[in-house]
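The next block holds one structure in the form of structure tokens; read it before the comments.
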Amino acid sequence: MNPPSASNADTFALSPIGRIESDYPDKFGIPRQPGLAPAAHARLVLLPPYDDPLSVRGLEAFSHLWLTFVFHHSPERWSPLVRPPRLGGNAKVGVFASRSTHRPNRLGLSLVELKGIDISQGGVALALSGHDLLDGTPVLDIKPYLPWAEARHDARAGFAPAAPPQCPVDFSAEAEAILAKREDAASLRALIGQVLAQDPRPAYRKGAESRIYGVRLRDVDVRFRALANAAGETRLEVVEIVAV
């Protein structure tokens, strides 16, 4: 019997079980992997009929969760070759040898920390941290993380063998003054520092430059630039923080 052709292969209809409310209102600046910005907070609000509190009974016993989600702001088109930022944005690898958002089914997988479960309003909302999820992201499934089964210390990591290097981040006096007026000053400062330490500029734009970039975090626009320190190494400076 011949295998089914692409034209009559099985298809599957998937419905979101919930949506993300996130510190990241825009794609630019989101860390390229989860866990790189522990100060990033989010809520996963379950949708009917999955918002029955019985659906999360026992989940509070787990510290971390796998979330399967859709890269809903990525184009539906895909290519067999992609340019990973870790390779400088120029070298190409196969899409299935990468974690690119430009995938045939636009599916993502993220490991997040579970901080709490709220069922006080009749539905279910999960408090998360250390995530890499855009605001509004549709989540398709939740599974508990099992460290004894899934943390393989003998695994090879190809062209990304370790976490990316981090840049020093400084805050101008003007930016510090804006932060000082906010109730969430400490957590927002930590979030800004952790996000910018990843240097969210395009992979091909490295080193000092005069251009001012902006990244949206929570309800502010963080404007920053890349400078060189005394040793010639790149550091990022938060120039100003503007409410949006």
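- Judged purely by atom type and a 3.5 angstrom limit, Ser55 uses its side chain to pair as donor or acceptor with the backbone of Tyr50.
- Contact annotation: the side chain of Tyr213 approaches that of Pro202 to within less than 4.5 Å [non-hydrogen atoms, C-beta and beyond].
- Side-chain N or O atoms of Asp52 include one that pairs as donor or acceptor with a backbone N or O of Leu54 at under 3.5 Å.
- Within the 3.5 Å criterion, the main-chain N or O of Ile212 finds no donor-acceptor partner in the side chain of Arg225.
- Counting heavy atoms from C-beta outward, Ser110 and Phe69 have side chains that approach closer than 4.5 Å.
- Rounding to the nearest 0.5 Å places NE2 of His73 at 7.5 Å from NZ of Lys27.
- Contact annotation: the side chain of Val95 never approaches that of His102 to less than 4.5 Å [non-hydrogen atoms, C-beta and beyond].
- Salt bridge Asp23/Arg218: present, at least one basic N to carboxylate O contact under 4.0 Å.
- Using a cutoff of 4.0 Å between basic side-chain nitrogens and carboxylate oxygens, Asp170 and Arg235 are scored as salt-bridged.
- Taking the six-membered ring where the residue is Trp, Phe224 and Phe28 present parallel rings, their angle staying beneath 30° rather than reaching 60°.
- Atoms CD1 and CZ, on Ile119 and Arg57 in that order, are 10.0 Å from each other to the nearest 0.5 Å.
- No more than 12 heavy-atom neighbours from other residues, nucleotides or ligands sit within 6.0 angstrom of CZ on Arg99.
- The cluster map of Ile, Leu, Val, Met, Phe, Trp and Tyr, joined by side-chain heavy atoms under 4.5 Å apart, puts Leu236 and Leu179 in the same cluster.
- Looking at Arg106, its side chain does come within 3.5 Å of a backbone N or O of Ser74 through a donor-acceptor pair.
- Side-chain atoms of Val220 and Val244, non-hydrogen and from C-beta on, never get closer than 4.5 Å to each other.
- Ring centroid separation for the pair Tyr24 and His131 comes in under the 6.0 Å cut-off.
- Cluster annotation: Val239 and Val215 are assigned to distinct hydrophobic clusters (Ile/Leu/Val/Met/Phe/Trp/Tyr, side-chain heavy-atom contacts under 4.5 Å, transitive).
- Going from atom CG of Asp141 over to atom CH2 of Trp66 covers 13.0 Å, rounded to the nearest 0.5 Å.
- Remark: the backbone N or O of Gly136 is paired with a side-chain donor or acceptor of Arg19 at under 3.5 angstrom.
- A heavy-atom distance below 4.5 Å is not found between the side chains of Pro200 and Ile30.
- Considering all non-hydrogen atoms of both residues, Pro34 and Leu111 come closest at CB-O, 3.2 Å.
- A side-chain donor-acceptor contact under 3.5 Å links Ser172 to the backbone of Val238.
- When every heavy atom of Arg201 is checked against every heavy atom of Arg32, the shortest pair comes out as O-NH2, 3.7 Å.
- In this structure, the side chains of Arg86 and Phe159 come closer than 4.5 Å at one or more pairs of heavy atoms.
- A heavy-atom distance below 4.5 Å is found between the side chains of Pro84 and Val93.
- Using a 4.5 Å cut-off between side-chain heavy atoms of Ile, Leu, Val, Met, Phe, Trp and Tyr, with links allowed through other members, Trp78 and Leu81 fall into different hydrophobic clusters.
- Lys115 contributes atom NZ, which lies 10.5 Å from atom CG of Leu128 (distance to the nearest 0.5 angstrom).
- Listed for the Asp135 side chain is no donor-acceptor partner under 3.5 Å among the backbone atoms of Pro25.
- Put simply, the side chain of Glu237 never gets that close to the backbone of Leu227: no donor and acceptor are under 3.5 Å apart.
- Between Gln198 and Gln166, some side-chain heavy-atom pair lies under the 4.5 Å cut-off.
- More than 12 non-hydrogen atoms from other residues, nucleotides or ligands lie less than 6.0 angstrom from CD of Glu150.
- Rounded to the nearest 0.5 Å, atoms CD1 (Ile192) and CZ (Phe171) are 5.0 Å apart.
- A donor-acceptor contact shorter than 3.5 Å is absent between the side chain of Thr137 and the backbone of Ile20.
- Atom OG of residue Ser129 and atom NE2 of residue His41 lie 5.5 Å apart, to the nearest 0.5 angstrom.
- Summarising the geometry of Arg223 relative to Asp221, their closest heavy-atom pair is NE-OD2, 3.2 Å, with the distance given to 0.1 Å.
- Note on Phe12: it does not cluster hydrophobically with Val70, by side-chain heavy-atom contacts below 4.5 Å among ILVMFWY residues.
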